[in-house]
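Some notes on the structure that comes next.
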Number of protein chains: 2
Amino acid sequence: MSVNVSERSVRRLSLYRRFLLHVQASGGRYLFSHDIATATRTSAAQVRRDLMAISGSGSSSRGYHVTDLLKSISCFLDAPAPQHVALIGLGNLGRAVFAYFVGRHPNLRITLTFDIDPAKTGRLINGCPCHNVLKLNHLCPSHGIRMAILTVPAAEAQAVTDMLVRGGIRGIVNFAPVTLHVPVGVFVETMDFSISLETAAFFSRA
Amino acid sequence: MSVNVSERSVRRLSLYRRFLLHVQASGGRYLFSHDIATATRTSAAQVRRDLMAISGSGSSSRGYHVTDLLKSISCFLDAPAPQHVALIGLGNLGRAVFAYFVGRHPNLRITLTFDIDPAKTGRLINGCPCHNVLKLNHLCPSHGIRMAILTVPAAEAQAVTDMLVRGGIRGIVNFAPVTLHVPVGVFVETMDFSISLETAAFFSRA
DNA sequence: TTCACGGTGTGAAAAAAATAACGATGACAA
DNA sequence: TTGTCATCGTTATTTTTTTCACACCGTGAA
Ligand SMILES: NC(=O)c1ccc[n+]([C@@H]2O[C@H](COP(=O)([O-])OP(=O)(O)OC[C@H]3O[C@@H](n4cnc5c(N)ncnc54)[C@H](O)[C@@H]3O)[C@@H](O)[C@H]2O)c1
Ligand SMILES: NC(=O)c1ccc[n+]([C@@H]2O[C@H](COP(=O)([O-])OP(=O)(O)OC[C@H]3O[C@@H](n4cnc5c(N)ncnc54)[C@H](O)[C@@H]3O)[C@@H](O)[C@H]2O)c1
(Lines give C-alpha, C1' and ligand atoms only; values in the text may rest on other atoms or scores of the structure.)
(Ligands and ions follow the chains in the order given, each with its own letter.)
Protein backbone atom coordinates (compact mmCIF):
# COMPACT_ATOMS: atom_id res chain seq x y z
CA MET A 1 0.00 0.00 0.00
CA SER A 2 2.57 2.52 1.09
CA VAL A 3 5.16 1.04 -1.25
CA ASN A 4 7.03 3.55 -3.39
CA VAL A 5 5.33 6.61 -2.02
CA SER A 6 7.53 9.12 -0.28
CA GLU A 7 6.64 11.13 2.78
CA ARG A 8 6.56 14.30 0.75
CA SER A 9 4.19 12.71 -1.69
CA VAL A 10 1.84 11.66 1.09
CA ARG A 11 1.86 15.18 2.42
CA ARG A 12 1.01 16.58 -1.00
CA LEU A 13 -1.76 14.03 -1.52
CA SER A 14 -3.26 15.18 1.72
CA LEU A 15 -3.12 18.76 0.45
CA TYR A 16 -4.67 17.78 -2.87
CA ARG A 17 -7.49 16.10 -1.01
CA ARG A 18 -8.22 19.19 1.01
CA PHE A 19 -8.40 21.28 -2.12
CA LEU A 20 -10.57 18.71 -3.88
CA LEU A 21 -12.99 18.73 -0.97
CA HIS A 22 -13.36 22.49 -1.34
CA VAL A 23 -13.93 22.17 -5.05
CA GLN A 24 -16.44 19.41 -4.55
CA ALA A 25 -18.31 21.48 -1.96
CA SER A 26 -18.59 24.36 -4.39
CA GLY A 27 -19.87 22.13 -7.15
CA GLY A 28 -16.77 21.66 -9.30
CA ARG A 29 -16.75 18.40 -11.23
CA TYR A 30 -13.49 18.24 -13.15
CA LEU A 31 -10.00 19.61 -12.62
CA PHE A 32 -6.79 19.62 -14.63
CA SER A 33 -3.50 18.80 -13.02
CA HIS A 34 -2.44 22.42 -13.33
CA ASP A 35 -5.53 23.55 -11.44
CA ILE A 36 -4.58 21.32 -8.54
CA ALA A 37 -0.99 22.45 -8.89
CA THR A 38 -1.66 26.17 -8.65
CA ALA A 39 -4.06 25.68 -5.76
CA THR A 40 -1.49 23.73 -3.77
CA ARG A 41 1.62 25.59 -4.91
CA THR A 42 3.28 22.84 -6.84
CA SER A 43 3.70 21.89 -10.50
CA ALA A 44 1.36 20.06 -12.84
CA ALA A 45 4.03 17.44 -13.45
CA GLN A 46 4.33 16.86 -9.74
CA VAL A 47 0.60 16.42 -9.38
CA ARG A 48 0.42 13.93 -12.23
CA ARG A 49 3.35 12.03 -10.82
CA ASP A 50 1.84 11.85 -7.34
CA LEU A 51 -1.50 10.72 -8.70
CA MET A 52 0.14 8.18 -10.94
CA ALA A 53 1.56 6.49 -7.85
CA ILE A 54 -1.91 5.90 -6.46
CA SER A 55 -3.41 5.16 -9.86
CA GLY A 56 -5.91 7.98 -9.74
CA SER A 57 -6.59 8.29 -13.43
CA GLY A 58 -7.80 11.27 -15.36
CA SER A 59 -9.03 11.90 -18.85
CA SER A 60 -6.82 13.81 -21.19
CA SER A 61 -9.65 16.00 -22.33
CA ARG A 62 -11.57 16.78 -19.18
CA GLY A 63 -8.88 16.20 -16.58
CA TYR A 64 -9.57 14.52 -13.27
CA HIS A 65 -13.04 13.76 -12.04
CA VAL A 66 -13.17 15.38 -8.62
CA THR A 67 -15.27 12.81 -6.83
CA ASP A 68 -13.45 9.85 -8.30
CA LEU A 69 -10.10 11.33 -7.45
CA LEU A 70 -11.21 12.05 -3.91
CA LYS A 71 -12.18 8.44 -3.62
CA SER A 72 -8.79 7.28 -4.88
CA ILE A 73 -6.83 9.54 -2.58
CA SER A 74 -8.93 8.72 0.45
CA CYS A 75 -8.70 5.05 -0.29
CA PHE A 76 -4.96 5.40 -0.35
CA LEU A 77 -4.49 7.71 2.62
CA ASP A 78 -7.10 6.49 5.03
CA ALA A 79 -7.28 3.30 6.99
CA PRO A 80 -10.23 1.03 6.16
CA ALA A 81 -11.74 1.84 9.56
CA PRO A 82 -11.35 5.03 11.60
CA GLN A 83 -8.10 5.10 13.54
CA HIS A 84 -8.12 5.79 17.24
CA VAL A 85 -5.94 8.53 18.61
CA ALA A 86 -4.76 9.36 22.12
CA LEU A 87 -4.14 12.93 23.26
CA ILE A 88 -1.55 13.37 26.01
CA GLY A 89 -1.43 16.62 27.96
CA LEU A 90 -4.59 18.66 28.40
CA GLY A 91 -3.05 22.09 28.89
CA ASN A 92 -3.75 25.18 26.83
CA LEU A 93 -2.54 23.71 23.62
CA GLY A 94 -3.95 20.24 24.20
CA ARG A 95 -7.45 21.58 24.75
CA ALA A 96 -7.21 23.93 21.76
CA VAL A 97 -6.07 21.08 19.56
CA PHE A 98 -8.86 18.86 20.80
CA ALA A 99 -11.45 21.52 20.09
CA TYR A 100 -9.99 22.06 16.64
CA PHE A 101 -9.84 18.36 15.95
CA VAL A 102 -13.47 17.58 16.68
CA GLY A 103 -15.57 17.12 13.57
CA ARG A 104 -12.67 17.80 11.26
CA HIS A 105 -11.19 14.36 10.79
CA PRO A 106 -13.91 11.79 10.24
CA ASN A 107 -11.41 8.99 9.82
CA LEU A 108 -9.54 9.77 13.02
CA ARG A 109 -11.03 9.70 16.47
CA ILE A 110 -9.59 10.89 19.78
CA THR A 111 -10.84 8.13 22.04
CA LEU A 112 -8.68 8.62 25.12
CA THR A 113 -6.85 11.51 26.71
CA PHE A 114 -4.18 11.43 29.39
CA ASP A 115 -2.72 13.89 31.84
CA ILE A 116 -0.74 13.75 35.06
CA ASP A 117 -2.63 16.47 36.86
CA PRO A 118 -5.20 14.96 39.26
CA ALA A 119 -7.41 17.98 38.61
CA LYS A 120 -7.79 16.77 35.02
CA THR A 121 -7.80 13.00 35.27
CA GLY A 122 -11.00 11.12 35.99
CA ARG A 123 -13.17 13.59 34.12
CA LEU A 124 -14.67 13.80 30.69
CA ILE A 125 -13.17 16.29 28.21
CA ASN A 126 -15.38 16.82 25.18
CA GLY A 127 -17.13 13.64 26.17
CA CYS A 128 -13.86 11.75 26.22
CA PRO A 129 -12.36 10.28 29.39
CA CYS A 130 -9.08 11.57 30.76
CA HIS A 131 -6.88 9.03 32.49
CA ASN A 132 -3.72 9.21 34.48
CA VAL A 133 -0.79 8.98 32.16
CA LEU A 134 0.53 5.94 33.99
CA LYS A 135 -2.35 3.92 32.59
CA LEU A 136 -1.16 4.64 29.10
CA ASN A 137 0.79 1.40 28.73
CA HIS A 138 -2.26 -0.58 29.59
CA LEU A 139 -5.10 1.36 27.95
CA CYS A 140 -3.64 2.10 24.53
CA PRO A 141 -3.24 -1.53 23.49
CA SER A 142 -6.62 -2.51 24.88
CA HIS A 143 -8.32 0.28 22.92
CA GLY A 144 -6.45 -0.44 19.71
CA ILE A 145 -4.80 2.98 19.73
CA ARG A 146 -1.77 3.31 17.46
CA MET A 147 -1.49 7.09 17.21
CA ALA A 148 -0.94 9.87 19.69
CA ILE A 149 -0.90 13.65 19.83
CA LEU A 150 1.63 14.89 22.35
CA THR A 151 1.04 18.25 24.06
CA VAL A 152 2.97 17.89 27.29
CA PRO A 153 5.77 20.18 28.50
CA ALA A 154 9.05 19.74 26.69
CA ALA A 155 10.74 18.31 29.76
CA GLU A 156 8.23 15.45 29.90
CA ALA A 157 7.99 14.70 26.22
CA GLN A 158 10.69 12.03 25.91
CA ALA A 159 9.53 10.14 29.00
CA VAL A 160 5.95 10.13 27.76
CA THR A 161 7.14 9.10 24.31
CA ASP A 162 8.88 6.08 25.81
CA MET A 163 5.61 5.10 27.46
CA LEU A 164 3.76 5.58 24.19
CA VAL A 165 6.21 3.36 22.36
CA ARG A 166 5.91 0.67 25.00
CA GLY A 167 2.15 1.01 24.67
CA GLY A 168 2.42 0.15 20.98
CA ILE A 169 1.96 3.61 19.47
CA ARG A 170 3.40 3.85 15.96
CA GLY A 171 2.66 7.45 15.00
CA ILE A 172 3.14 10.59 17.08
CA VAL A 173 2.32 14.22 16.35
CA ASN A 174 4.54 16.07 18.78
CA PHE A 175 4.09 19.71 19.74
CA ALA A 176 6.89 19.88 22.27
CA PRO A 177 10.04 21.64 21.05
CA VAL A 178 12.30 18.62 21.43
CA THR A 179 13.73 15.99 19.13
CA LEU A 180 12.11 12.74 20.17
CA HIS A 181 13.97 9.46 20.04
CA VAL A 182 11.99 6.46 18.98
CA PRO A 183 12.75 3.01 17.56
CA VAL A 184 12.60 2.48 13.83
CA GLY A 185 9.05 1.85 12.71
CA VAL A 186 7.64 4.63 14.85
CA PHE A 187 6.82 7.77 12.92
CA VAL A 188 7.25 11.14 14.60
CA GLU A 189 6.01 14.40 13.19
CA THR A 190 7.11 17.37 15.26
CA MET A 191 5.12 20.57 14.90
CA ASP A 192 7.97 22.78 15.87
CA PHE A 193 6.76 26.32 16.20
CA SER A 194 10.12 27.72 17.27
CA ILE A 195 12.00 26.20 14.37
CA SER A 196 9.37 27.35 11.89
CA LEU A 197 9.47 30.81 13.34
CA GLU A 198 13.22 31.06 13.13
CA THR A 199 13.20 29.70 9.62
CA ALA A 200 10.62 32.25 8.53
CA ALA A 201 12.56 35.00 10.29
CA PHE A 202 15.67 33.99 8.40
CA PHE A 203 14.07 33.91 4.98
CA SER A 204 12.09 37.06 5.58
CA ARG A 205 15.45 38.77 5.36
CA ALA A 206 16.88 36.78 2.47
CA MET B 1 24.58 35.76 3.90
CA SER B 2 21.89 33.32 2.94
CA VAL B 3 23.79 32.32 -0.18
CA ASN B 4 24.11 28.60 -0.76
CA VAL B 5 22.22 27.54 2.33
CA SER B 6 19.07 25.56 1.72
CA GLU B 7 15.87 25.82 3.68
CA ARG B 8 16.43 22.38 5.15
CA SER B 9 19.85 23.40 6.27
CA VAL B 10 18.52 26.49 8.02
CA ARG B 11 15.97 24.35 9.80
CA ARG B 12 18.65 21.95 10.98
CA LEU B 13 20.90 24.77 12.11
CA SER B 14 18.05 26.03 14.22
CA LEU B 15 17.73 22.54 15.74
CA TYR B 16 21.45 22.33 16.38
CA ARG B 17 21.30 25.64 18.15
CA ARG B 18 18.54 24.51 20.44
CA PHE B 19 20.51 21.43 21.38
CA LEU B 20 23.69 23.45 21.91
CA LEU B 21 21.84 25.79 24.24
CA HIS B 22 20.80 22.82 26.34
CA VAL B 23 24.33 21.50 26.40
CA GLN B 24 25.70 24.89 27.30
CA ALA B 25 23.17 25.28 30.11
CA SER B 26 24.27 21.97 31.59
CA GLY B 27 27.91 22.90 31.41
CA GLY B 28 29.09 20.96 28.34
CA ARG B 29 32.02 22.59 26.59
CA TYR B 30 32.81 20.50 23.51
CA LEU B 31 30.80 18.31 21.18
CA PHE B 32 31.61 16.08 18.23
CA SER B 33 29.55 16.18 15.08
CA HIS B 34 28.11 12.78 15.90
CA ASP B 35 26.92 14.04 19.27
CA ILE B 36 24.98 16.79 17.58
CA ALA B 37 23.80 14.33 14.98
CA THR B 38 22.32 11.80 17.39
CA ALA B 39 20.69 14.54 19.44
CA THR B 40 18.97 16.00 16.41
CA ARG B 41 18.33 12.76 14.52
CA THR B 42 20.60 13.34 11.57
CA SER B 43 24.03 12.14 10.49
CA ALA B 44 27.48 13.36 11.48
CA ALA B 45 28.30 14.09 7.84
CA GLN B 46 25.18 16.20 7.56
CA VAL B 47 26.12 18.18 10.63
CA ARG B 48 29.65 18.83 9.40
CA ARG B 49 28.32 19.86 6.02
CA ASP B 50 25.78 22.25 7.48
CA LEU B 51 28.37 23.78 9.75
CA MET B 52 30.86 24.04 6.94
CA ALA B 53 28.43 26.29 5.11
CA ILE B 54 28.45 28.81 7.93
CA SER B 55 32.17 28.34 8.60
CA GLY B 56 31.69 27.14 12.13
CA SER B 57 34.96 25.35 12.57
CA GLY B 58 35.79 22.57 14.98
CA SER B 59 38.95 20.93 16.15
CA SER B 60 39.61 17.40 15.04
CA SER B 61 40.57 16.28 18.50
CA ARG B 62 38.05 17.97 20.73
CA GLY B 63 35.24 18.62 18.29
CA TYR B 64 33.22 21.82 18.29
CA HIS B 65 33.45 24.37 21.04
CA VAL B 66 29.87 24.80 22.20
CA THR B 67 29.92 28.50 22.91
CA ASP B 68 31.85 29.40 19.77
CA LEU B 69 29.55 27.32 17.65
CA LEU B 70 26.51 28.91 19.22
CA LYS B 71 27.95 32.25 18.34
CA SER B 72 28.53 31.22 14.73
CA ILE B 73 25.06 29.78 14.29
CA SER B 74 23.34 32.71 15.94
CA CYS B 75 25.36 35.14 13.92
CA PHE B 76 24.20 33.34 10.81
CA LEU B 77 20.56 32.79 11.74
CA ASP B 78 19.69 35.93 13.61
CA ALA B 79 19.30 39.45 12.38
CA PRO B 80 21.74 41.99 13.78
CA ALA B 81 18.91 43.60 15.74
CA PRO B 82 15.75 41.93 17.09
CA GLN B 83 13.09 41.52 14.42
CA HIS B 84 9.60 42.78 15.00
CA VAL B 85 6.68 40.43 14.53
CA ALA B 86 2.96 41.00 14.14
CA LEU B 87 0.39 38.51 15.40
CA ILE B 88 -2.92 38.47 13.55
CA GLY B 89 -5.95 36.80 15.13
CA LEU B 90 -6.23 36.66 18.91
CA GLY B 91 -8.46 33.64 19.26
CA ASN B 92 -7.68 30.48 21.22
CA LEU B 93 -4.63 29.61 19.23
CA GLY B 94 -3.36 33.15 18.83
CA ARG B 95 -3.38 33.77 22.56
CA ALA B 96 -1.77 30.39 23.30
CA VAL B 97 0.95 31.12 20.78
CA PHE B 98 1.55 34.55 22.21
CA ALA B 99 1.88 33.16 25.73
CA TYR B 100 4.25 30.50 24.48
CA PHE B 101 6.27 32.99 22.52
CA VAL B 102 6.97 35.39 25.35
CA GLY B 103 10.49 35.08 26.73
CA ARG B 104 11.39 32.29 24.39
CA HIS B 105 12.74 34.17 21.39
CA PRO B 106 15.00 36.98 22.48
CA ASN B 107 15.75 37.99 18.92
CA LEU B 108 12.10 38.18 17.89
CA ARG B 109 9.54 40.49 19.40
CA ILE B 110 5.78 40.58 18.94
CA THR B 111 5.24 44.32 18.84
CA LEU B 112 1.75 44.56 17.41
CA THR B 113 -1.31 42.37 17.32
CA PHE B 114 -4.38 42.63 15.15
CA ASP B 115 -7.89 41.33 15.23
CA ILE B 116 -11.20 42.20 13.64
CA ASP B 117 -13.33 41.70 16.72
CA PRO B 118 -14.11 45.06 18.39
CA ALA B 119 -14.08 43.27 21.73
CA LYS B 120 -10.38 42.64 21.26
CA THR B 121 -9.11 45.70 19.45
CA GLY B 122 -8.08 48.77 21.38
CA ARG B 123 -6.81 46.79 24.36
CA LEU B 124 -3.46 45.55 25.51
CA ILE B 125 -2.70 41.84 25.24
CA ASN B 126 0.38 40.82 27.24
CA GLY B 127 1.25 44.49 27.29
CA CYS B 128 1.02 44.68 23.54
CA PRO B 129 -1.59 46.78 21.73
CA CYS B 130 -4.24 45.13 19.58
CA HIS B 131 -5.37 47.09 16.56
CA ASN B 132 -8.08 46.68 14.01
CA VAL B 133 -6.80 44.57 11.19
CA LEU B 134 -7.60 47.34 8.71
CA LYS B 135 -4.75 49.37 10.13
CA LEU B 136 -2.32 46.65 9.20
CA ASN B 137 -1.31 48.24 5.91
CA HIS B 138 -0.41 51.40 7.66
CA LEU B 139 1.10 50.23 10.97
CA CYS B 140 3.38 47.42 9.82
CA PRO B 141 5.59 49.60 7.65
CA SER B 142 5.72 52.37 10.22
CA HIS B 143 6.83 49.91 12.92
CA GLY B 144 9.40 48.18 10.73
CA ILE B 145 7.57 44.87 10.93
CA ARG B 146 8.54 42.33 8.29
CA MET B 147 7.20 39.12 9.85
CA ALA B 148 3.77 37.93 10.89
CA ILE B 149 2.16 35.02 12.68
CA LEU B 150 -1.24 34.26 11.25
CA THR B 151 -3.89 32.68 13.49
CA VAL B 152 -7.13 33.78 11.86
CA PRO B 153 -9.90 31.46 10.61
CA ALA B 154 -9.07 29.64 7.41
CA ALA B 155 -11.67 31.58 5.46
CA GLU B 156 -9.96 34.88 6.28
CA ALA B 157 -6.37 33.77 5.88
CA GLN B 158 -5.84 34.66 2.23
CA ALA B 159 -7.44 38.08 2.53
CA VAL B 160 -5.34 38.91 5.56
CA THR B 161 -2.26 37.58 3.78
CA ASP B 162 -2.90 39.96 0.92
CA MET B 163 -3.01 42.82 3.39
CA LEU B 164 0.19 41.61 5.01
CA VAL B 165 1.96 41.49 1.69
CA ARG B 166 0.79 44.98 0.84
CA GLY B 167 2.03 46.03 4.27
CA GLY B 168 5.51 44.85 3.36
CA ILE B 169 5.61 41.57 5.31
CA ARG B 170 8.17 39.13 3.93
CA GLY B 171 7.81 36.14 6.24
CA ILE B 172 4.62 34.49 7.49
CA VAL B 173 4.06 31.62 9.89
CA ASN B 174 0.58 30.48 9.04
CA PHE B 175 -1.57 28.27 11.26
CA ALA B 176 -4.65 28.26 9.06
CA PRO B 177 -5.19 25.06 7.09
CA VAL B 178 -4.97 26.70 3.69
CA THR B 179 -2.36 27.11 1.00
CA LEU B 180 -1.51 30.78 0.92
CA HIS B 181 -0.65 32.54 -2.31
CA VAL B 182 2.04 35.17 -2.10
CA PRO B 183 4.42 36.87 -4.54
CA VAL B 184 7.94 35.55 -4.90
CA GLY B 185 10.17 36.91 -2.19
CA VAL B 186 7.62 36.32 0.53
CA PHE B 187 8.31 33.25 2.63
CA VAL B 188 5.38 31.25 3.99
CA GLU B 189 5.69 28.51 6.55
CA THR B 190 2.41 26.75 7.17
CA MET B 191 2.03 24.86 10.42
CA ASP B 192 -0.52 22.47 9.07
CA PHE B 193 -1.85 20.36 11.86
CA SER B 194 -4.30 18.45 9.68
CA ILE B 195 -1.72 17.50 7.11
CA SER B 196 0.75 16.43 9.79
CA LEU B 197 -1.91 14.38 11.47
CA GLU B 198 -2.91 12.62 8.30
CA THR B 199 0.71 11.98 7.41
CA ALA B 200 1.40 10.48 10.82
CA ALA B 201 -1.77 8.42 10.56
CA PHE B 202 -0.62 7.07 7.23
CA PHE B 203 2.86 6.13 8.35
CA SER B 204 1.66 4.71 11.64
CA ARG B 205 0.19 1.95 9.51
CA ALA B 206 3.09 1.54 7.10
C1' DT C 1 60.27 11.26 18.16
C1' DT C 2 57.15 8.28 15.97
C1' DC C 3 52.97 6.01 15.45
C1' DA C 4 48.11 4.95 15.94
C1' DC C 5 43.71 6.84 16.65
C1' DG C 6 39.64 9.39 16.02
C1' DG C 7 37.93 13.46 14.39
C1' DT C 8 37.29 17.47 10.85
C1' DG C 9 36.66 19.53 6.19
C1' DT C 10 35.56 18.61 1.71
C1' DG C 11 35.30 16.61 -3.09
C1' DA C 12 33.13 12.60 -5.24
C1' DA C 13 29.36 9.37 -5.47
C1' DA C 14 24.79 8.01 -4.61
C1' DA C 15 20.12 8.69 -3.70
C1' DA C 16 16.06 11.25 -3.81
C1' DA C 17 13.16 14.66 -5.65
C1' DA C 18 11.56 17.74 -9.02
C1' DT C 19 11.19 19.05 -13.72
C1' DA C 20 10.98 18.39 -18.51
C1' DA C 21 9.88 15.77 -22.51
C1' DC C 22 7.04 13.13 -25.35
C1' DG C 23 3.87 9.55 -27.39
C1' DA C 24 -1.01 8.62 -26.81
C1' DT C 25 -5.70 10.07 -26.47
C1' DG C 26 -9.93 12.19 -27.16
C1' DA C 27 -12.60 16.59 -28.10
C1' DC C 28 -13.75 19.73 -31.34
C1' DA C 29 -13.74 22.66 -35.57
C1' DA C 30 -13.32 22.93 -40.33
C1' DT D 1 -12.86 12.84 -42.18
C1' DT D 2 -8.89 15.10 -40.92
C1' DG D 3 -6.05 18.13 -38.44
C1' DT D 4 -5.21 20.85 -34.33
C1' DC D 5 -4.95 21.29 -29.65
C1' DA D 6 -4.63 20.53 -24.78
C1' DT D 7 -3.87 17.22 -21.39
C1' DC D 8 -2.71 12.68 -19.53
C1' DG D 9 0.56 8.86 -18.14
C1' DT D 10 5.12 7.74 -18.16
C1' DT D 11 9.94 7.78 -19.08
C1' DA D 12 14.12 10.58 -19.20
C1' DT D 13 16.79 14.39 -17.51
C1' DT D 14 18.18 17.67 -14.30
C1' DT D 15 18.62 19.44 -9.85
C1' DT D 16 18.93 19.00 -5.03
C1' DT D 17 20.11 16.58 -0.98
C1' DT D 18 22.42 13.14 1.47
C1' DT D 19 25.95 9.89 2.17
C1' DC D 20 30.50 8.15 1.45
C1' DA D 21 35.39 8.35 1.40
C1' DC D 22 39.61 10.04 2.45
C1' DA D 23 43.53 13.44 3.10
C1' DC D 24 44.88 15.99 6.86
C1' DC D 25 45.43 17.42 11.69
C1' DG D 26 46.18 17.35 16.74
C1' DT D 27 46.65 14.39 20.66
C1' DG D 28 48.51 10.93 23.63
C1' DA D 29 51.05 6.62 24.25
C1' DA D 30 55.20 4.14 23.52
N1 LIG E 1 0.95 26.96 23.90
C2 LIG E 1 1.45 27.07 22.67
O3 LIG E 1 1.04 27.89 21.87
C4 LIG E 1 2.52 26.19 22.23
C5 LIG E 1 3.11 26.43 21.01
C6 LIG E 1 4.09 25.58 20.58
C7 LIG E 1 4.47 24.54 21.35
N8 LIG E 1 3.91 24.32 22.54
C9 LIG E 1 4.34 23.16 23.33
O10 LIG E 1 3.22 22.36 23.61
C11 LIG E 1 3.37 21.75 24.88
C12 LIG E 1 2.18 22.08 25.74
O13 LIG E 1 2.04 23.48 25.85
P14 LIG E 1 0.91 24.11 26.76
O15 LIG E 1 0.97 25.57 26.58
O16 LIG E 1 -0.40 23.42 26.55
O17 LIG E 1 1.44 23.74 28.24
P18 LIG E 1 0.57 23.52 29.55
O19 LIG E 1 1.51 23.58 30.69
O20 LIG E 1 -0.62 24.41 29.54
O21 LIG E 1 0.02 22.04 29.43
C22 LIG E 1 0.77 20.90 29.68
C23 LIG E 1 -0.16 19.80 30.16
O24 LIG E 1 0.56 18.57 30.23
C25 LIG E 1 0.30 17.96 31.49
N26 LIG E 1 1.44 17.14 31.85
C27 LIG E 1 2.60 17.51 32.41
N28 LIG E 1 3.41 16.47 32.57
C29 LIG E 1 2.76 15.40 32.09
C30 LIG E 1 3.09 14.03 31.98
N31 LIG E 1 4.27 13.53 32.38
N32 LIG E 1 2.17 13.21 31.44
C33 LIG E 1 1.00 13.69 31.02
N34 LIG E 1 0.62 14.97 31.11
C35 LIG E 1 1.51 15.81 31.65
C36 LIG E 1 0.04 19.09 32.43
O37 LIG E 1 -0.73 18.64 33.53
C38 LIG E 1 -0.72 20.06 31.54
O39 LIG E 1 -2.10 19.75 31.54
C40 LIG E 1 4.68 22.26 25.42
O41 LIG E 1 5.69 21.32 25.15
C42 LIG E 1 4.92 23.52 24.66
O43 LIG E 1 6.30 23.79 24.54
C44 LIG E 1 2.93 25.12 23.01
N1 LIG F 1 -7.15 25.86 17.79
C2 LIG F 1 -6.27 24.97 17.32
O3 LIG F 1 -5.76 24.10 18.04
C4 LIG F 1 -5.83 25.03 15.92
C5 LIG F 1 -5.01 24.03 15.47
C6 LIG F 1 -4.58 24.08 14.17
C7 LIG F 1 -4.95 25.13 13.38
N8 LIG F 1 -5.78 26.09 13.83
C9 LIG F 1 -6.12 27.20 12.97
O10 LIG F 1 -5.74 28.40 13.58
C11 LIG F 1 -6.64 29.42 13.24
C12 LIG F 1 -7.19 30.06 14.48
O13 LIG F 1 -7.79 29.07 15.29
P14 LIG F 1 -8.52 29.47 16.64
O15 LIG F 1 -8.95 28.21 17.28
O16 LIG F 1 -7.69 30.40 17.43
O17 LIG F 1 -9.81 30.25 16.09
P18 LIG F 1 -10.64 31.41 16.84
O19 LIG F 1 -11.93 31.55 16.13
O20 LIG F 1 -10.63 31.16 18.31
O21 LIG F 1 -9.78 32.74 16.62
C22 LIG F 1 -9.76 33.44 15.42
C23 LIG F 1 -9.47 34.90 15.74
O24 LIG F 1 -9.26 35.60 14.51
C25 LIG F 1 -10.03 36.80 14.54
N26 LIG F 1 -10.34 37.17 13.16
C27 LIG F 1 -11.34 36.70 12.37
N28 LIG F 1 -11.27 37.26 11.18
C29 LIG F 1 -10.25 38.12 11.19
C30 LIG F 1 -9.70 39.01 10.24
N31 LIG F 1 -10.19 39.11 9.00
N32 LIG F 1 -8.65 39.74 10.60
C33 LIG F 1 -8.14 39.66 11.84
N34 LIG F 1 -8.60 38.83 12.78
C35 LIG F 1 -9.66 38.07 12.46
C36 LIG F 1 -11.23 36.48 15.36
O37 LIG F 1 -11.80 37.67 15.90
C38 LIG F 1 -10.62 35.58 16.44
O39 LIG F 1 -10.11 36.37 17.49
C40 LIG F 1 -7.70 28.78 12.38
O41 LIG F 1 -7.36 28.97 11.02
C42 LIG F 1 -7.59 27.33 12.72
O43 LIG F 1 -7.99 26.52 11.64
C44 LIG F 1 -6.20 26.07 15.11
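Proteins come first, then strands; the chains are lettered A, B, ... in the order of their sequence lines, and each starts at number 1.
The shortest distance between the side-chain N/O atoms of A/Tyr64 and the OP1/OP2 oxygens of D/dG9 is below 4.0 Å. Between C/dA18 and A/Ser43, no contact under 4.0 Å exists linking OP1 or OP2 to a side-chain N or O. Distances shown here put every side-chain N or O of A/Arg12 at or beyond 4.0 Å from the OP1 or OP2 atom of C/dA17. Note on A/Ser33: every side-chain N or O is 4.0 Å or more away from OP1 and OP2 of D/dT7. Side-chain nitrogen and oxygen atoms of B/Arg48 include none within less than 4.0 Å of the OP1 or OP2 phosphate oxygen of D/dT19. B/Arg49 has no side-chain polar atom (N or O) that falls below the 4.0 Å cut-off from OP1 or OP2 of D/dT19. Here B/Arg62 does not reach the OP1 or OP2 of C/dG6: none of its side-chain N or O atoms lies under 4.0 Å away.
Rounded to whole Å, atom P of D/dT17 lies 9 Å from atom CD of B/Glu7. Whole-Å rounding puts the A/Gln46 CD to C/dA21 C1' distance at 16 Å. Per the geometry, CG belonging to A/Asp35 stands 8 Å off P belonging to D/dT7, to the nearest Å. When rounded to the nearest whole Å, the span between NE2 of B/His65 and P of C/dT8 equals 15 Å. For B/Asn4 and D/dT18, the CG to P distance is 14 Å, given to the nearest whole Å. Regarding A/Arg11, its CZ atom lies at a distance of 12 Å from the P atom of C/dA18, rounded to whole Å. A/Leu31 has its CG atom 19 Å from the P atom of D/dA6, to the nearest Å. Following rounding to the nearest Å, B/His34 (NE2) and C/dC5 (P) show an atom-to-atom distance of 17 Å.
A donor and an acceptor atom, one from each side chain of B/Glu189 and A/Thr199, are nowhere located under 3.5 Å apart. Side-chain contact annotation: A/Thr40 with A/Arg12, donor-acceptor N/O pair under 3.5 Å absent.
Using a 4.0 Å heavy-atom distance criterion, A/Ser9 is classed as making no nucleic acid contact. Backbone-only engagement by B/Ser57 is indicated by non-hydrogen atom pairs under 4.0 Å involving sugar-phosphate atoms exclusively.
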Problem set entry | Intermediate values then yes/no, side-chain hydrogen bond (donor to acceptor under 3.5 Å, both in side chains), B/His105 and A/Ser194 | CA-CA 8 Å; B/His105 290 277; A/Ser194 291; 3.0 Å; yes

For this session: Applying side-chain contact (heavy atoms from CB on, under 4.5 Å), run through B/Thr151 and B/Ile88 and close with a yes or a no.
Result: CA-CA 6 Å; B/Thr151 51; B/Ile88 331 292; 5.9 Å; no

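Heavy-atom nearest nucleotides on DNA chain C were determined for B/Leu51 and for A/Thr42, and the one closer to the 5' end corresponds to B/Leu51.
Taking only side-chain atoms of B/Met52, from C-beta outward, the nucleotide of D/dG26, C/dT10, C/dG26 with the closest atom is C/dT10. Relative to the side chain of B/Arg8, the nucleotides C/dG7, D/dT17, D/dT7 differ in distance, and D/dT17 lies closest.
By the neighbour-count criterion of 12 heavy atoms within 6.0 Å, atom CZ of B/Arg11 is densely surrounded, having more than that number from other residues, nucleotides or ligands.
We find that A/Asp50 and A/Arg8 are not joined by a salt bridge, their nearest charged nitrogen and carboxylate oxygen being 4.0 Å or further apart.
Judged by atom type and distance alone, B/Ser60 reaches the base of D/dC25 through a side-chain donor-acceptor pair under 3.5 Å.
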